[in-house]
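When reading the values below, keep in mind they use all heavy atoms of this one structure, side chains included, and skip hydrogens, waters and symmetry mates. Chain identifiers are assigned alphabetically (A, B, ...) following the order of the sequence lines, protein sequences preceding nucleic acid strands; residue numbering begins at 1 within each chain.
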Amino acid sequence: MHKLNQEEFAALSKLCRIKCSQEEEKILSSNVSKILSYIELLKELDTKDVPPFSLIKEGFTNVMREDVALTSLSREEFLENVPSHVDGMVKVPPFLNPEKDS
Amino acid sequence: MVNSDFWQPVIGLEIHVQLKTKSKLFSPARNHFGDAPNTNISDVCTGQPGTLPVLNQEAVKKAVQFGCAIGAHISPLSTFDRKSYFYPDSPRNYQITQFEHPLLLGGKINVHIDGLIKQFTLLRSHLEEDAGMIKHFETFGAIDYNRAGVPLLEIVSAPCIHSAQEASALVSAIELLMVYLDASNCNMEEGSLRIDANVSVRLGSEKELRPQTEIKNMNSLSHLECAIETEIKRQIELYTLNPHEKIIPATYRFDPKSKTNILMRLKESVEDYRYFQEPDLLPLLISPDYVEKIQKSLPELPSERLHRYTQILKIPEKTASTLIHNKPLSDYFEKALPSSKNPSLLANWILVEFGGRMQKGETLPESGILAQNISSLVNKIEEKKLTGKLAKQVADFMVESPHLSPDEVIHKNPELKPLDDLGLLEILIDAVLLENPTSIDDFKSGKAKAFIFLVGKVMERSKGCALPHLVHTILLKKLS
Amino acid sequence: MYNLSALEIHSLFMSGKISAVDITQYFLKRIEKYDPMADAFLSLFHSRALEKAHLLDRKKREGKALGKMAGVPIALKDNIHIHGEITTCASLFLKNYKAVFDASVTRFLEEDDALILGKTNLDEFAMGSFTENSAFKKTKNPWDLNCSPGGSSGGSSAAVAARLCPLALGSDTGGSIRQPAALTGTVGFKPSYGRVSRYGLVAFSSSLDQIGPLSTNVLDAAYLMETLSKPCKRDSTHFNGPVNPYQSLAKKEIRGMKVGIPYQFLDSLNPELKKNFNATLEVLKTLGVTCVEVNLDLLKYSVAVYYILATAEASTNLARYDGVGYGHRSIHAQTLDEVYELSKQEGFGPEVKNRILLGTYVLSSGYKDSYYKKAQQVRTLMFEQFKEAFSHCDLIAMPTSPSPMLPLGSVHEPLEAYLQDIYTIGANLTGLPAISIPSGFTASQKPLGFQLVGGFMKDSVVLQLAYHLEQALSLKQQIPPLFDKE
């Protein structure tokens with residue numbers, strides 16, 4: 001049985017920002033572990049040299065758009081759904097990640 | 001003592017170029033800089049639920065043009081991938097990029113550095129979407145999605161660059177190429193060209209690369225050079241002082257105020273982007289016909305233009321290069337070229353004489369002066385119908401009244417009319433000879449300088465209007 | 001009127017025997033009366049629907065052209081956008097999210113003059129098999145109010161089964177149209193992947209999701225497909241083939257058709273369901289259809305493949321619900337990290353969290369090849385196996401669900417719930433069209449479904465055999481007794 005340990009769960013939870021109570025963590029961790037064990041089933045299949053699934057072979061081709069600019073979403077309508085905004089911009093608590101904002 | 005000659009810097013660049021399109025990479029929202037926040041947005045680029053990306057064919061075209069121009073391999077099948085990370089400038093919390101199968105592979109760029117040509121190798125170039133912009137305030141952050149989804153071409157060079165100067169020259173060459181292809185504005189102030197540099201140093205004899213650091217998100221060539229130089233120096237000092245230590249892989253940003261690189265994070269906490277193929281987009285198929293069509297319709301590239309200027313038009317390399325680096329001015333020169341009798345002189349007049357007469361912020365192509373009029377002025381000099389001195393005065397008038405041709409300027413200002421009346425010239429020359437008998441004697445006794453002196457006197461008396469070659473002929477006739 | 005088909009209602013309207021306003025009012029009243037029992041609807045659009053009805057009546061009076069669905073009431077699963085209306089996806093996260101555009105299918109329905117009555121309940125973000133993962137209510141099976149109507153399109157299946165509307169839209173990612181149809185005695189059709197535009201369907205798993213019809217009979221499903229399958233330039237994965245005349249294609253002769261049955265795969269089916277399945281095959285044979293055995297042994301991996309691919313895609317599709325640009329933002333959030341974490345914690349139910357965690361895990365570094373890549377490869381093998389099977393037959397027959405309807409709250413383990421989809425998932429993984437039609441009842445009056453899977457883009461062939469089989473079974477007038485009255 002593939003059991004997620006606490007550290008793995010914490011790392012996973014950080015990656016997808018799903019934080020939960022200890023109670024919830026127990027259940028989720030066990031659920032995920034059970035399903036991971038179930039999907040081990042695939043290991044018995046040999047997939048060497050099998051290409052990943054693609055619909056390209058079935059006659060699908062890439063669709064492209066002409067380069068035409070349209071106003072498709074007004075600022076007013078956009079802001080209606082925004083939980084908090086200021087001067088037309090989406091407002092969030094202050095943060096600084098110097099990696100991105102030089 | 002740091003012996004920097006012994007150390008070889010190794011630099012690789014990642015250059016993000018915003019492509020010049022009307023709309024965004026995957027949505028019809030306008031691709032335009034400088035508008036009010038969140039006015040150039042769509043359901044797609046703000047990541048609304050239920051939206052799907054549709055690829056902009058113009059962005060693909062511009063990327064393929066670049067690929068053709070650098071001799072890259074244009075992948076017949078490339079794919080898009082989702083790159084997952086949480087950040088408020090990324091409305092879906094994943095970016096659509098090309099990770100596994102990029103559109104362009106390889107390619108080479110020739111760059112002139114100090115009179116030598118150096119060839120740089122590119123590894124890959126791929127399409128991806130730009131992120132939104134964040135404004136930081138003391139008590140909150142504010143997000144504008146106008147930039148979110150703008151098409152970017154990320155160009156990745158091989159670690160084949162060995163100095164800050166080379167790095168800057170390569171970026172400059174790419175920038176120029178983009179401008180000639182009309183594929184990007186490359187306006188660094190507006191952030192439409194941004195550079196990450198990976199820097200390491202090694203001893204000349206070493207084959208392997210030492211650990212590298214990354215300096216992110218620079219948007220000026222001077223910052224790029226300064227940041228790289230600073231980092232090279234830091235690394236060499238560290239290795240010199242502590243030969244057994246290693247550079248710790250890390251990400252830095254350049255701070256223009258202190259001119260230093262500031263540590264952002266160590267690379268050991270490498271982010272897991274969980275790339276996988278974007279299921280909302282089918283692979284991008286590019287046919288050989290399409291590539292051929294693009295290849296055939298490529299405009300003249302800067303390297304080709306340089307070759308033509310120097311080899312066919314015989315323009316000195318420095319002048320040619322200066323002209324080419326200013327595409328609008330070079331295009332202006334092209335308009336004057338068909339009627340020109342001396343392209344090299346024309347180039348010089350466009351760059352130096354007329355260029356120098358422009359007010360700050362004004363450019364010659366936008367001045368209203370017709371390129372053909374400059375050509376006609378320069379032809380007059382070439383055909384000895386106008387002295388340089390007069391031509392410069394004509395140029396002054398042309399800058400002042402851009403709608404006038406040289407002939408019109410001369411017609412309106414008789415004092416600029418060249419003195420080509422042989423009778424008048426003879427009278428003038430006779431007068432000069434009368435006043436300078438010693439010079440005549442000197443000339444006759446073989447002193448060549450005396451002749452030049454006499455010509456000067458004639459020119460002086462004619463207020464510069466006499467055409468020198470006529471003066472020469474008459475004077476010589478009279479003296480013999 | 002409740003026992004009429006969509007086509008019958010349309011012709012009543014077109015012949016002037018009833019007005020669109022009367023149709024609308026009739027069904028809105030019926031919903032108000034009976035939905036408190038079924039809890040199928042999350043929202044009703046009284047004024048929007050009546051406004052459209054008035055418009056249709058006026059167009060009719062003035063002799064103007066009317067769309068091919070004029071006068072037909074329809075409900076939409078609440079993960080499909082209607083511009084200006086709330087799309088909740090049955091999630092607290094989107095409780096107040098107002099759609100900023102019309103889904104393409106919504107636009108097609110409007111263009112064809114259908115009457116959109118309301119939005120139906122579902123499992124949160126379509127993740128579930130019993131509609132019990134809705135943040136708002138538990139929908140009941142009209143055949144037994146203590147049972148689930150299946151899921152995730154349980155609101156749509158219950159609404160159609162209770163005849164609260166003759167047609168509804170569902171979305172099918174792993175069986176979410178066909179399984180609830182089977183469990184409520186209705187018809188549910190999942191078109192080929194790419195046959196119906198996904199633009200405006202809130203994504204669960206982009207490479208598996210398809211919108212499709214739920215109806216009381218096959219011809220109505222074919223009728224609705226003619227509207228749904230119109231071309232759309234906003235979905236890059238749309239096939240954009242011609243719109244087929246599905247109704248007339250459905251009526252074409254079927255004699256001589258071959259149906260493949262993966263007997264080996266059906267070994268573990270419970271005896272009562274097996275009996276019903278075999279009895280249905282016998283009826284097929286009376287129609288001149290031959291049955292052949294086909295090998296689809298790879299289907300036993302389908303649940304495993306599905307829970308890797310669907311959760312991987314979902315983990316990224318749902319990353320956008322972060323409390324920044326729309327939807328729920330926790331009032332307790334003081335920092336940006338808390339905006340993300342608390343908003344998700346408060347906004348998502350346990351099953352959604354479960355799947356996001358799982359999807360994140362299978363994509364994370366070190367695991368991607370053994371899970372995600374492997375699953376994509378198995379998917380290719382499965383497609384090839386189906387292709388091979390289709391070289392021996394025109395269609396493949398299977399039960400829709402391994403069990404009939406189950407009491408609400410009876411399935412606790414996610415894995416047990418996932419295995420409910422064992423017969424339906426294959427069609428999603430391979431993109432093939434598949435339908436579930438009613439095939440009778442268990443001894444305790446629980447509806448059962450029979451599934452037909454067709455070759456890629458052979459949607460009309462699926463509808464064709466389903467139509468003739470339905471005629472032969474004559475089960476279509478089965479209406480749950482509690483709702484079989486005005």
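Side-chain atoms of Tyr326(C) and Pro49(B), non-hydrogen and from C-beta on, do get closer than 4.5 Å to each other. By the 4.5 Å heavy-atom criterion applied to side chains, Leu52(B) and Arg198(C) are counted as neighbours.
In this structure, no portion of Ala103(C) lies under 4.5 Å from any heavy atom of chain B. Using a 4.5 Å cut-off between heavy atoms, Leu336(C) contacts chain B through its side chain alone, with no backbone atom that close. The contact between Tyr193(C) and chain B is made entirely by side chain atoms (from C-beta outward), counting heavy-atom distances below 4.5 Å. For Phe86(B), the parts lying under 4.5 angstrom from a heavy atom of chain C are both the backbone and the side chain. With a threshold of 4.5 angstrom between heavy atoms, Tyr275(B) approaches chain C through its backbone and through its side chain. Of the two parts of Lys373(C), neither the backbone nor the side chain holds a non-hydrogen atom closer than 4.5 Å to a non-hydrogen atom of chain B. If you measure heavy-atom distances from Thr360(C) to chain B, the contacts under 4.5 Å come from both the backbone and the side chain. Within the 4.5 angstrom heavy-atom criterion, atoms from both the backbone and the side chain of Pro88(B) approach chain C. For Arg82(B), the part sitting under 4.5 Å from any heavy atom of chain C is the side chain, from C-beta outward, and nothing else.
Heavy-atom pairs under 4.5 Å with chain C were tallied for Leu55(B), Val54(B), Leu282(B); the largest tally goes to Val54(B). For the set Asn317(C), Val324(C), Asn79(C), the entry with the most heavy-atom pairs within less than 4.5 Å of chain B is Asn317(C).
Not one N or O on the side chain of Arg274(B) forms a donor-acceptor pair closer than 3.5 Å with the backbone of Ser365(C). Judged purely by atom type and a 3.5 angstrom limit, His81(C) has no side-chain atom pairing as donor or acceptor with the backbone of Thr51(B).
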- Task: Give the intermediate values and the outcome of side-chain contact (heavy atoms from CB on, under 4.5 Å) for residues Phe276(B) and Glu313(C).
- Result: CA-CA 9 Å; Phe276(B) 76 102; Glu313(C) 290 180 9; 3.8 Å; yes
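In terms of heavy atoms, Ser84(B) sits closest to Thr316(C) at OG-CG2, 3.3 Å. The heavy-atom pair separating Asn93(B) from Asp322(C) by the smallest distance is ND2-OD2, 2.8 Å. Here the closest non-hydrogen pair linking Gln48(B) and Val100(C) is CG-CG2, 3.9 Å. The shortest heavy-atom contact between Pro53(B) and Ser236(C) is O-OG, 2.8 Å.
Atom OG of Ser27(B) and atom CZ of Arg234(C) lie 11.5 Å apart (nearest 0.5 Å). For the atom pair CG (Asp235(C)) and CG (Asp280(B)), the distance works out to 7.5 Å, reported to the nearest 0.5 Å.
Shown here is Glu100(B), whose CD atom has no more than 12 heavy atoms of other residues, nucleotides or ligands within 6.0 Å. The local environment of NZ in Lys61(B) is sparse, with at most 12 non-hydrogen atoms from other residues, nucleotides or ligands closer than 6.0 Å. The local environment of NZ in Lys230(C) is crowded, with over 12 non-hydrogen atoms from other residues, nucleotides or ligands closer than 6.0 Å. Within 6.0 Å of the NZ atom in Lys368(C), the count of heavy atoms belonging to other residues, nucleotides or ligands exceeds 12.
Side-chain polar atoms of Tyr199(C) and Asp43(B) form a donor-acceptor pair below 3.5 angstrom.
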